[in-house]
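Remarks on the structure that follows.
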Number of protein chains: 2
Amino acid sequence: MSEVVPSGARPQRADARENVRQILRAARAVFADRGYEVSIEEVARRSGLGMGTIYRHFPNKRALVEEVAIGHMRETCEVLARALAEEPDAWSAFTRVMRHMAEVRSSQLFPVSRRRTTESGPALVAARNALLSDLDGLVGRAQREGSLRADVNTYDLVLMMVSLPPRIADDGAGGGLAADLTGRQLSVLLDGLRAPGAEHLPGSAATRPDLDEFFRTRFGI
Amino acid sequence: MSEVVPSGARPQRADARENVRQILRAARAVFADRGYEVSIEEVARRSGLGMGTIYRHFPNKRALVEEVAIGHMRETCEVLARALAEEPDAWSAFTRVMRHMAEVRSSQLFPVSRRRTTESGPALVAARNALLSDLDGLVGRAQREGSLRADVNTYDLVLMMVSLPPRIADDGAGGGLAADLTGRQLSVLLDGLRAPGAEHLPGSAATRPDLDEFFRTRFGI
DNA sequence: GGCTAAACGGAAATTCATTTTCCGGTACTC
DNA sequence: GAGTACCGGAAAATGAATTTCCGTTTAGCC
């Protein structure tokens, strides 16, 4: 909701602009920790603002979620480009990107809500496709390099990242896990992803329809 | 709900007994496919019976879920014992058990429902502890054998199994994934679990409180 | 075949966590 | 200091599920 200022209207007040940033920051954190199902009230609590304030800046929950998701996807594309430029080999770049994706987990690629499905906005769709395309390039490189096992594809990998358990970090209100589940599981997966791979992967690789269906079923697109 | 017949009362009608079996069979299938959050209506549809019939045999949804969960846990214990007796080494037994757990996925270990948390019944708690204890034995063997990496423990493994994506099989009503996500991801994990493990697992292993907290947060115990 | 208690089906009532609205009160900005 | 923007959070609206209820159907027994 980067709030397009209607021409002629007075610009947004400084504190309000800061609050929007605050809301997005809190939303990112909460979503990464507990998933997109958390209530707006939780986001409000974490941001230190009221629920009314969130609704003043975002027309509804979905809009907030999309905003966060789009931010994550664009950021991941940047991380990917940087990794490709800086890392010595494709495998290092690959692990760096996977680690980043795990960090934000299902915040990747889509929204959300068990409410009746709504179409994703065009910006989200665009960001999603861009990310998928970039990932595809990275995966191809790593496989040609011989470091990433050949019997997985980009969709498989995305689905793995999205299925990682949430961080469940301590939110200050007690609770939270001592162990970094996400990180541990990711590390095990990465070991398993190194070529050639001893286990025979059953069936055939995931497809784009699989990816879409998974998100639809799991999160309501 | 194996319906204790009150002494002196007439025994349960044959068709009713068959229906209970039918309900449990359908519930298992639906839960494994889509997770415990599916509505009772979905279970009813799959079983070919009406919702009223389900409620005639189970006081509420939680009771049904616990029944299914307990069944899975006991069954897993049996599979484990058999694997240990029949397989030539601990690793083979280990993978066999993991595959079985993946099959029923989160149907393991606990219930459910986003409704306000309720305590698990004593039968469930007992089955859960028995399974955890048996798994511990298996994990220890595999690690002493040198085939399972040493830096994971039983809780880590259980959490991995529970985090696997649901099967999302075709339920006849269209939908369903072409790829066997669960199986593919499990295979990658198993490769990653072989000793010694190249990646360094971050942090320390999961603990029992972590396991409990995870289930509480994720499923409402 | 006919009777009766059991069992079934599924529409309707209830629940309940969340989302979303609203408006009296605050506090930036000029 | 005035005039808006903006904020907070209680309360209303929502909506997906669960659970109840009762008219119908059917198994079990004579």
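The figures here come from the full heavy-atom set of this structure, side chains too, leaving out hydrogens, waters and symmetry mates. Nothing here was measured: the structure is a model prediction, and the numbers come from that model. Residue numbers begin at 1 in each chain, while the letters A, B, ... track the order of the sequences.
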| task | Among residues two or more places apart or on two chains, list those pairs meeting salt bridge (Lys or Arg N to Asp or Glu O under 4.0 Å) that have a residue in residues 179-188 of chain A. | result |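 The answer is A:Arg184-B:Asp156.
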| task | By nearest nucleotide on DNA chain D, pick out whichever of A:Gly50 and B:Arg17 is the more 5' one. | result |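 Nearest nucleotide further toward 5': that of A:Gly50.
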Report the distance from atom [atom1] of [X] to atom [atom2] of [N], rounded to the nearest whole Å.
X       : N      : atom1 : atom2 : answer
A:Asn19 : D:dC7  : CG    : P     : 5 Å
B:Leu64 : D:dA17 : CG    : P     : 16 Å
A:Arg56 : D:dA5  : CZ    : P     : 9 Å
A:Leu49 : C:dT26 : CG    : P     : 17 Å
B:Glu41 : C:dG9  : CD    : C1'   : 12 Å
A:Tyr36 : C:dT18 : OH    : P     : 18 Å
A:Phe58 : C:dT18 : CZ    : P     : 20 Å

[X] side, atom [atom1]; [Y] side, atom [atom2] - distance, nearest 0.5 Å:
X        : Y        : atom1 : atom2 : result
A:Leu190 : A:Gln185 : CG    : CD    : 11.0 Å
A:Asp210 : A:Thr207 : CG    : OG1   : 3.0 Å
A:His72  : A:Glu103 : NE2   : CD    : 9.5 Å
A:Asn60  : A:Glu66  : CG    : CD    : 9.0 Å

| query | At under 4.0 Å, does any side-chain N or O of A:Thr53 touch on OP1 or OP2 of D:dC6? | reply |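 Checking D:dC6 against A:Thr53, no side-chain N or O comes under 4.0 Å of OP1 or OP2.
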| OP1 or OP2 of C:dC8 under 4.0 Å from side-chain N/O of B:His57 |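 Checking B:His57 against C:dC8: at least one side-chain N or O falls below 4.0 Å of OP1 or OP2.
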Could you list the protein-to-nucleotides 27-30 of chain C atom pairs, N/O on both sides, closer than 3.5 Å?
unit_1	atom_1	unit_2	atom_2	d
C:dT29	OP1	A:Ala14	N	3.1

| request: List the steps, then state whether side-chain contact (heavy atoms from CB on, under 4.5 Å) holds for A:Leu148 with A:Leu157. | output: CA-CA 11 Å; A:Leu148 174 62; A:Leu157 292 167; 4.3 Å; yes
Can you give me the N/O atom pairs linking the protein to nucleotides 20-25 of chain C at distances under 3.5 Å, or say none if there are none?
unit_1	atom_1	unit_2	atom_2	d
C:dT20	OP2	A:Tyr55	OH	2.8
C:dT20	OP2	A:Lys61	N	3.0

| field | Pair A:Asp191-B:Arg149, side-chain contact (heavy atoms from CB on, under 4.5 Å): steps then yes or no | value | CA-CA 11 Å; A:Asp191 268 356; B:Arg149 60 192 298 165; 2.8 Å; yes
| Residue pair B:Leu49 / B:Ile54, side-chain heavy-atom distance below 4.5 Å |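 SC-SC contact between B:Leu49 and B:Ile54 ruled out.
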| Close side-chain approach of A:Asn19 and A:Arg56, heavy atoms under 4.5 Å |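 No; the side chains remain at least 4.5 Å from each other.
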